[in-house]
Amino acid sequence: MKHFSKGLFVGAVMGALTVAAPQLQAATPQDQLVVGTSLAQVLSLDPQQATEGKAVEIMSNLYDRLVASTADGKILPQLAESWKIDDKGITFTLRKANFASGNPVTSKDVVYSLARLLKMDQAAAANLKRVGYDKNNVEKLVTAVDDQTVRIDLSDQVTAELLLYRLTTTTTSVVDSVEVEKHAVDNDYGNAWMRTHSAGSGPFTLNRWSPNELVILDANKDYMTGAPKMKRVIVRHVPESQVERLMLERGDIDIASALTASDLATFKDKQGFAIQRIPTGGFYVLSMNVGNQYLSNPKVREAIAYGIDYKGIEKTIMGPYGRARNVPVPENFEYAIPNPDWHLDVEKSKQLLSEAGFKDGFSLTLKTIAQTPRIDLATAIQASLAQVGIKIDIQQGNGSEIIAAHRARDFDLLIPQTSAYMPNVLGSMEQFSSNPDNSKEANNAGNFVWRSAWDIPELTALTAKASMEPDAKKRGELYVQMQKMFVDQKPAVLPLFERFEPIVLNSKVQGYIGHPSQLTRLESVTKVETQ
């Protein structure tokens, strides 16, 4: 298995550790970490509901899972101190731990959490539903052997190795069943309360969340591996890049993670600061709704693929945020195929539109969350497609509006972003290549492809086959087939740019290593005195 680019990642981390020492006196307290970012997508902090990037990063510090993954894709113990794999499932032995409430973490809490995830049946459940777990079978397949032992039997659609990776995601976080049930109303599994409170065993607890303003996390002084170094973490909503840059420069924040490429560039080789460019394994995507009369035609989708100036956008807008790539597998992953020959070709794009019966072009709307870099990306796509006769009307919105439209198939074009849950072809590509039931009645809003109404039965079957193939070489051959079939079908979920998360840190921040899946843990982060 080939992991995230080691050289790229290590280089970024070394950059964070070797910046020049002198810098401005920071205003943030020595025992508090202050992060500036965009909180536009943080709609809930219930781990069995929320899947958006910044919410994931916050929740990963409020909750523990059975297992965790490192930045380079290794599986590590978290609440499970050990596990045994047999041909029918995995048996986990829990370590001694308590929730922030003081209640002990038991196997019953693990069963409750996974059952809660699947019974709530929201978008967060997609990663387990895709491989055969659902609200009807979860309590048969996930059982408490005793207070400290949990058994998860394999469905007939997943291997033990791939199940472990799925269990590293925040959606499988273990919640305090006793505390959550106290707040359950009308069979909502405590969701109304959990959206704005925490009930975990993680290194921090939720003090306050004010939407589109700030999130405050307090250290859990009784955390199982010791109290975090930071007494408090404050995440501030600073969507304006120039404002965020100035706040970092004068010491009002310690980390900036929503800067434009031009503002990021001002910190390159700047004394007292370091830049990390974190590979996510995911993509910025142009989602096309196949329910649209134009976009249902593969030739139109191919015309759009030839109507975008990827290299020009990469150079002028994306910069550290992304590199051009139209296969939903990062180019450095093992078994990644070369990029298709999709590039800006105005004449070819016009020809394809003419062959599709639309030589005079047409108009579409493009919906996007108004945050870096997506709004600039939308504007560039608008200008690029105008050259081939496709008129684009951009509709900006906040996270709740755009995400709801995406899940309801209420769009023509839309720019979402993805990440990988494990560092291989399947971890990155599965969400692009699996749609078991495309019917509107399925209402499978958690499925990325379903949202675009793109029916791909052959590719879905091939993806399922790869998920169950135990032989690594044969699995690799299937990975290649998946990618080729994806390209051949002129995808309605078109990868545009391999996605990176660039952040700038004040040099006094030590121990912050960004995680590709935004599962960045903060309990070991410290600040050093600077002169």
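Taking the centre of each ring, F362 and Y294 come in below the 6.0 Å mark. Side-chain rings of Y321 and F497 stay apart, their centers remaining 6.0 Å or farther from each other.
Heavy atoms only, all atoms of each residue included: A466 and L478 are closest at CA-CD1, 3.7 Å. Taking each heavy atom of R95 and P77 in turn, the nearest pair found is NH2-CB, 3.8 Å. Across all non-hydrogen atoms, the minimal contact from V105 to S201 is CG2-CB, 4.0 Å. Contact between N339 and N326 at its shortest, heavy atoms only, is OD1-N, 2.7 Å. The heavy-atom pair separating D109 from S177 by the smallest distance is OD1-OG, 2.6 Å. Summarising the geometry of A125 relative to D121, their closest heavy-atom pair is CB-CA, 4.4 Å, with the distance given to 0.1 Å.
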For this session: Please lay out, stage by stage, how L413 and L295 fare under the test side-chain contact (heavy atoms from CB on, under 4.5 Å).
Result: CA-CA 9 Å; L413 303 173; L295 300 172; 3.8 Å; yes

For this session: Decide salt bridge (charged side-chain N to carboxylate O under 4.0 Å, His left out) for E501 and R499; before the verdict, give the C-alpha distance in whole Å, the side-chain angles of both, and the deciding distance to 0.1 Å.
Result: CA-CA 7 Å; E501 285 283 342; R499 187 170 71 86; 2.5 Å; yes

For this session: I would like to know whether R325 and F283 meet side-chain contact (heavy atoms from CB on, under 4.5 Å); could you show each step before the answer?
Result: CA-CA 8 Å; R325 176 79 170 153; F283 291 82; 3.5 Å; yes

For this session: For the pair T70 and L76, evaluate side-chain contact (heavy atoms from CB on, under 4.5 Å) and give the outcome as yes or no after the intermediate values.
Result: CA-CA 7 Å; T70 63; L76 295 177; 3.2 Å; yes

Problem set entry | Test side-chain contact (heavy atoms from CB on, under 4.5 Å) applied to F411 and M288, step by step | CA-CA 8 Å; F411 66 95; M288 311 179 208; 5.9 Å; no

Problem set entry | Candidate pair S69 and H515, rule side chain to side chain donor-acceptor pair (under 3.5 Å), full reasoning | CA-CA 9 Å; S69 63; H515 193 286; 3.3 Å; yes

Problem set entry | Pair S257-K54, side chain to side chain donor-acceptor pair (under 3.5 Å): steps then yes or no | CA-CA 10 Å; S257 66; K54 292 303 175 184; 3.3 Å; yes

Problem set entry | Criterion salt bridge (charged side-chain N to carboxylate O under 4.0 Å, His left out) on K119 and E139, from CA distance to verdict | CA-CA 10 Å; K119 289 180 178 182; E139 289 172 320; 3.0 Å; yes

For this session: Mind running side chain to side chain donor-acceptor pair (under 3.5 Å) on Y421 and R166 for me, showing each step along the way?
Result: CA-CA 7 Å; Y421 72 90; R166 291 173 198 275; 2.8 Å; yes

For this session: Step by step, work out the salt bridge (charged side-chain N to carboxylate O under 4.0 Å, His left out) result for K348 and E355.
Result: CA-CA 10 Å; K348 185 162 187 172; E355 291 173 4; over 6 Å; no

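The side chain to side chain contact (heavy atoms under 4.5 Å, CB included) test with V285 singles out one residue from P491, P328, P416, and that residue is P416. Results of the side chain to side chain contact (heavy atoms under 4.5 Å, CB included) test with I152 over L114, L141, V110 single out L114 as the only residue that passes. Here the options are N435, V449, D437, the test is side chain to side chain contact (heavy atoms under 4.5 Å, CB included), and the partner is T460; only N435 passes.
Panel note: side chain T463, backbone L459; a donor-acceptor pair is recorded below 3.5 Å. Put simply, the side chain of S107 gets close to the backbone of D146: a donor and an acceptor are under 3.5 Å apart. Here the side chain of N137 pairs a donor or acceptor atom with the backbone of G132 at under 3.5 angstrom. Checking side-chain atoms of D412 against main-chain N and O of T365 turns up a donor-acceptor pair under 3.5 Å. The main-chain N or O of D410 is found under 3.5 Å from a side-chain atom of K367 such that the two form a donor-acceptor pair. With hydrogens and angles disregarded, a donor-acceptor distance shorter than 3.5 Å links the side chain of S155 to the backbone of V131. R65 places a side-chain N or O within 3.5 Å of a backbone atom of T168 that can act as its donor or acceptor partner. A donor-acceptor pair under 3.5 Å is absent between the side-chain atoms of D64 and the main chain of L79, judged by distance alone. In this structure, the side chain of Q431 engages the main chain of S419 through a donor-acceptor pair within 3.5 Å. Side chain of D309 to main chain of S384: no donor-acceptor pair is present (N/O by atom type, distance under 3.5 Å, no hydrogens or angles).
With 3.5 Å as the limit, one finds a donor-acceptor pair spanning the side chains of N191 and Q49. Counted by atom type alone, R151 and T143 present zero donor-acceptor pairs between their side chains at under 3.5 Å. Between the side chains of D46 and S44, no donor N or O sits under 3.5 Å from an acceptor N or O.
The shortest side-chain heavy-atom distance between T171 and T51 falls under the 4.5 Å cut-off. Between R521 and I513 the shortest side-chain heavy-atom distance does not fall below 4.5 Å. Proximity of L154 to K88: side-chain heavy atoms (C-beta onward) are nowhere separated by under 4.5 Å. Residues L377 and Y284 are in side-chain contact: their nearest non-hydrogen atoms beyond the backbone lie under 4.5 Å apart. Side-chain contact between V425 and Q483 is present, with at least one heavy-atom pair separated by less than 4.5 Å. Two residues are said to be in side-chain contact when any heavy atoms from C-beta on lie closer than 4.5 Å; Q489 and I456 meet this criterion.
For CG of D86, the number of neighbouring non-hydrogen atoms (other residues, nucleotides, ligands) closer than 6.0 Å is greater than 12.
Taken to the nearest 0.5 Å, the OH atom of Y479 stands 10.5 Å off from the CZ atom of F333. One distance of note links OG of S433 with CD of E458; it measures 13.5 Å at 0.5 Å rounding. Separating the CD1 atom in I369 from the OG atom in S38 is a distance of 8.0 Å, to the nearest 0.5 Å. Separation of atoms CG (N61) and CG (L519) is listed at 9.5 Å; rounding is to 0.5 Å. Separation of atoms CD1 (I415) and CD1 (I402) is listed at 10.0 Å; rounding is to 0.5 Å. Here the straight-line distance linking atom CZ of F204 with atom OH of Y63 works out to 15.0 Å at 0.5 Å rounding.
Salt-bridge formation is not detected for the pair R323/E314: no Lys NZ or Arg NE/NH1/NH2 atom is positioned less than 4.0 Å from an Asp or Glu carboxylate oxygen. A salt bridge between R407 and E52 is present, with a side-chain N of the basic residue lying under 4.0 Å from a carboxylate O of the acidic one. Ion pairing of R374 with D376 is absent here, as no side-chain N (NZ or NE/NH1/NH2) approaches a carboxylate O to less than 4.0 Å. Of the charged side-chain nitrogens involved, at least one lies within less than 4.0 Å of a carboxylate oxygen, so that K490 and E302 count as a salt-bridged pair.
Taking the ring axis of Y189 as reference, the NZ or CZ atom of R116 does not stay both within 45° of it and closer than 6.0 Å to the ring centre. A cation-pi contact, defined as under 6.0 Å to the ring centre and within 45° of the axis, links R409 to W450.
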